[in-house]
Amino acid sequence: MLAGAGSGKTSVITRKIAWLIQQCGYRAQHVTAVTFTNKAAREMKERISSLLPRDDSRGLTVCTFHHLGLKIIQREAHAVGRKSGFTIFDDQDSKALLKELLLDHSDAAADITDLAQQQISHWKNQCQHPETLIGKAESPQEARIVELYRRYEQALTSYNAVDFDDLITLPVQLLENNEQVRQRWQGKIRYLLVDEYQDTNTSQYRLVQLLVGDRGKLSVVGDDDQSIYSWRGANPENLVQLESDFKGLKVIKLEQNYRSTNRILRAANALIEHNPHIYDKQLWSEKGLGDAIEVIQVANEEAETELIANQIIEQKLLRAARFKQFAVLVRSNHQSKLLELKFQAKQIPYHLTGGTSFFARSEIKDIMCYLRVLVNPDDDAAFLRIVNVPRRKIGISTLETLGQYANQRNASLFSVINEIGLQQALPAASFDRLKRLSDWFSGLQRQIDNGFARQAIDEMLDDIDYLGWLHQNSSSTVVAERRMENIHFLINSIAKELRKPVDDSQPEADATEETASLENVIKKLLLRDLLDQQSEEQADDKVQVMTLHAAKGLEFPHVFIMGFEEQILPHRNSVDEANIEEERRLAYVGITRAQQTLALTCARTRKQFGETLQCQISRFLEELPSDDLHKRGFNDADDGVANKAKGAQTLESLRGLFD
């Protein structure tokens with residue numbers, strides 16, 4: 001189904017699932033629906049639960065691509081060279097491993113690590129494995145990255161770990177090369193439904209092909225006009241490729257929009273018509289014509305944020321709206337800094353999507369991993385993160401040998417360090433370094449077992465000289481001190497939790513007495529972080545500030561798009577790379593987030609790197625239908641008259657609220 005913005009894609013998928021189960025005789029455990037975000041999957045599950053009795057939906061799989069891949073790896077771990085309980089490396093874990101493999105800790109190595117991580121991810125998403133790339137490098141640097149890719153894959157296997165991209169690429173490799181496994185999963189997934197299909201990359205497309213096979217039991221929903229993730233490997237041409245790979249598929253267009261007014265849709269249609277299309281579609285709505293789209297030019301970025309803040313306050317009063325009904329969309333995160341200051345000054349509550357969680361900070365992850373090992377020595381992921389933080393000269397070959405030995409023993413990395421078999425497999429110096437680390441942890445664990453957790457934590461920080469490590473690895477002394485303050489905040493929070501009573505009937509302990517176990521406190525903190533992340537998605541009464549990329553899939557009654565200018569939207573990098581079509585799709589996504597009102601703002605000048613630069617309005621503005629626009633600020637004389645008239649109208653409206 002080719003489904004335009006706001007045309008009910010999720011509803012189509014959920015109703016088709018209900019139809020397959022209730023009318024076509026499919027059992028729920030043989031139906032799988034995949035999408036791209038956990039939030040979308042949760043929403044889909046909720047809608048299905050309202051359409052089907054609980055017994056009918058039992059066993060139904062609704063998840064992300066990566067969660068489906070994880071299920072396959074968990075079931076087939078041995079076949080992909082892993083044992084049960086394998087570790088999933090996040091972005092920082094992968095970067096740390098690549099840095100270790102480089103054996104180079106200069107400033108230049110950091111740049112190579114970032115480049116290698118991006119390139120390896122790209123190769124994995126394109127289903128290109130190290131052995132297929134050897135001898136094909138186009139430069140010495142690319143040859144170095146190919147070799148790094150090969151060693152990186154070896155290390156992941158030795159550590160019994162996978163990275164995020166492996167959650168797709170490993171199932172693809174397995175299903176391609178193992179017919180028995182492929183038939184088993186095709187028998188389990190007898191009907192597959194895919195949401196947001198335009199966002200699939202090569203490996204995800206291949207996974208769909210392998211799971212569906214020749215049966216063609218497949219439904220996909222997507223919109224090529226909303227493909228805005230090419231930088232992540234998304235390929236909108238996958239929608240077109242379906243027709244040749246699955247001959248029986250039919251193309252159904254969903255063009256009625258249930259979200260926006262027709263002025264907004266006419267603008268979106270006119271804009272996206274400037275992109276080439278395989279399938280044409282025209283969005284329409286039964287919601288009426290609606291208000292004209294406001295296009296406002298102001299003097300500078302300060303005036304822009306002032307205007308947006310005042311408009312939100314004004315519209316909130318006039319429309320009896322709530323703050324959460326307003327969204328401000330930006331092309332890049334840096335645009336929001338001045339807006340935040342303005343909102344704070346005017347006491348406008350807001351939520352900035354994409355802020356860094358406290359527990360996602362590198363220094364907090366390091367210390368939390370130390371604590372995780374202290375309370376659970378079998379936590380391989382935590383152990384691998386901190387084994388060389390700070391550096392202990394425990395090299396990559398030592399860790400690979402440790403990983404291989406632990407795999408053979410079917411045990412955790414930490415638990416086999418003192419075994420004679422490992423001692424025989426390692427050089428004496430390497431074994432001694434591991435043993436010293438193990439003995440040190442054991443000493444701290446004894447203190448914790450004896451009720452002195454806070455003292456053990458303080459001793460741990462002193463012993464590893466983490467502050468010194470921060471000074472070596474931070475851009476400045478100020479940054480290092482600030483990061484250490486975060487750690488002190490964490491440790492003080494843990495100490496406070498340790499003194500809390502086990503139940504409400506007990507008084508809180510004094511500053512030296514501990515009543516809670518460190519293990520329970522660490523679990524509680526990790527759970528709190530997960531809950532905090534979930535609470536960010538809840539609908540508090542705050543103005544939503546986010547990038548255009550983050551806004552995809554969302555909708556708001558009132559939308560502002562900041563910086564409708566050349567070099568911002570379209571972004572200067574896309575202009576340089578001649579990638580205007582994706583920038584146009586990004587603007588299309590922003591416009592179609594609006595339900596009732598839409599305002600596009602631009603400035604005559606902006607400050608950048610201490611200079612005041614002249615701005616040019618976005619080329620996309622010229623592609624919008626002029627009859628649906630209400631422009632302000634483009635003519636100073638006329639604008640003054642218009643502002644006075646608007647001010648008088650606002651005052652009159654406010655008086656009416658109290659009459």
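Nothing here was measured: the structure is a model prediction, and the numbers come from that model. Basis for what follows: all heavy atoms, side chains included, without hydrogens, waters or symmetry-related copies.
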- Go through Val194 and Ser219 one step at a time and tell me if the side chain to side chain contact (heavy atoms under 4.5 Å, CB included) criterion holds. CA-CA 6 Å; Val194 186; Ser219 289; over 6 Å; no

- Query: Is there a donor in the side chain of Glu577 and an acceptor in the side chain of Asn573, or the other way round, less than 3.5 Å apart?
  - Reply: no

- Report yes if some heavy atom in the side chain of Leu265 is under 4.5 Å from a heavy atom in the side chain of Arg259; otherwise report no. no

- Query: If we only count heavy atoms from C-beta on, is the Thr200 to Val208 side-chain gap below 4.5 Å?
  - Reply: no

- Report yes if some heavy atom in the side chain of Tyr588 is under 4.5 Å from a heavy atom in the side chain of Asp223; otherwise report no. yes

- Value rounded to 0.5 Å, distance of NE2 in His488 from CD1 in Ile367: 10.0 Å

- Item | Test: Arg606 and Glu304 ion pair at under 4.0 Å | yes

- Euclidean distance, Cys63 SG relative to Arg42 CZ, rounded to 0.5 Å: 13.5 Å

- From the list Ile120, Asp165, Thr202, side-chain contact (heavy atoms from CB on, under 4.5 Å) with Asn125 holds only for Asp165

- Item | Residue Phe164 excluded, over 12 heavy atoms near CZ under 6.0 Å | no

- Glu582 bridged to Arg585 by N-O distance under 4.0 Å: yes

- Message: Are the side chains of Ile580 and Val575 in contact, using a 4.5 Å heavy-atom criterion?
- Response: yes

- Message: One thing to verify: whether Arg263 and Asp627 come together as a salt bridge, which I'm taking to mean a side-chain N less than 4.0 angstrom from a carboxylate O.
- Response: no

- Query: With side chains defined as the heavy atoms from C-beta onward, is the minimum distance between Thr601 and Met562 less than 4.5 Å?
  - Reply: yes

- Residues Asp163 and Lys124 bridged, charged N to O under 4.0 Å: yes

- Query: Which atom names give the shortest non-hydrogen contact between Leu548 and Arg331, and what distance separates them?
  - Reply: CD1-CA, 4.1 Å

- Message: Do Gln282 and Glu273 have side chains that approach each other closer than 4.5 Å (heavy atoms only, starting at C-beta)?
- Response: yes

- Item | 4.5 Å side-chain heavy-atom contact, Gln325 and Arg319 | no

- Message: Regarding Asp195 and Arg47, does a basic nitrogen lie under 4.0 Å from an acidic carboxylate oxygen?
- Response: no

- Query: From Lys316 NZ over to Phe326 CZ, what is the distance, rounded to the nearest 0.5 angstrom?
  - Reply: 8.0 Å

- Task: Check the side chains of His630 and Glu294 for a donor-acceptor pair under 3.5 angstrom, ignoring hydrogens and angles.
- Result: yes

- Message: What I want to check is whether the side chains of Glu565 and Gln297 have a donor and an acceptor closer together than 3.5 Å.
- Response: no

- Roughly how far apart are Glu340 CD and Ile348 CD1, rounded to 0.5 Å? 12.5 Å

- Query: Side-chain donor-acceptor pair under 3.5 Å between Asp91 and Gln117, yes or no?
  - Reply: yes

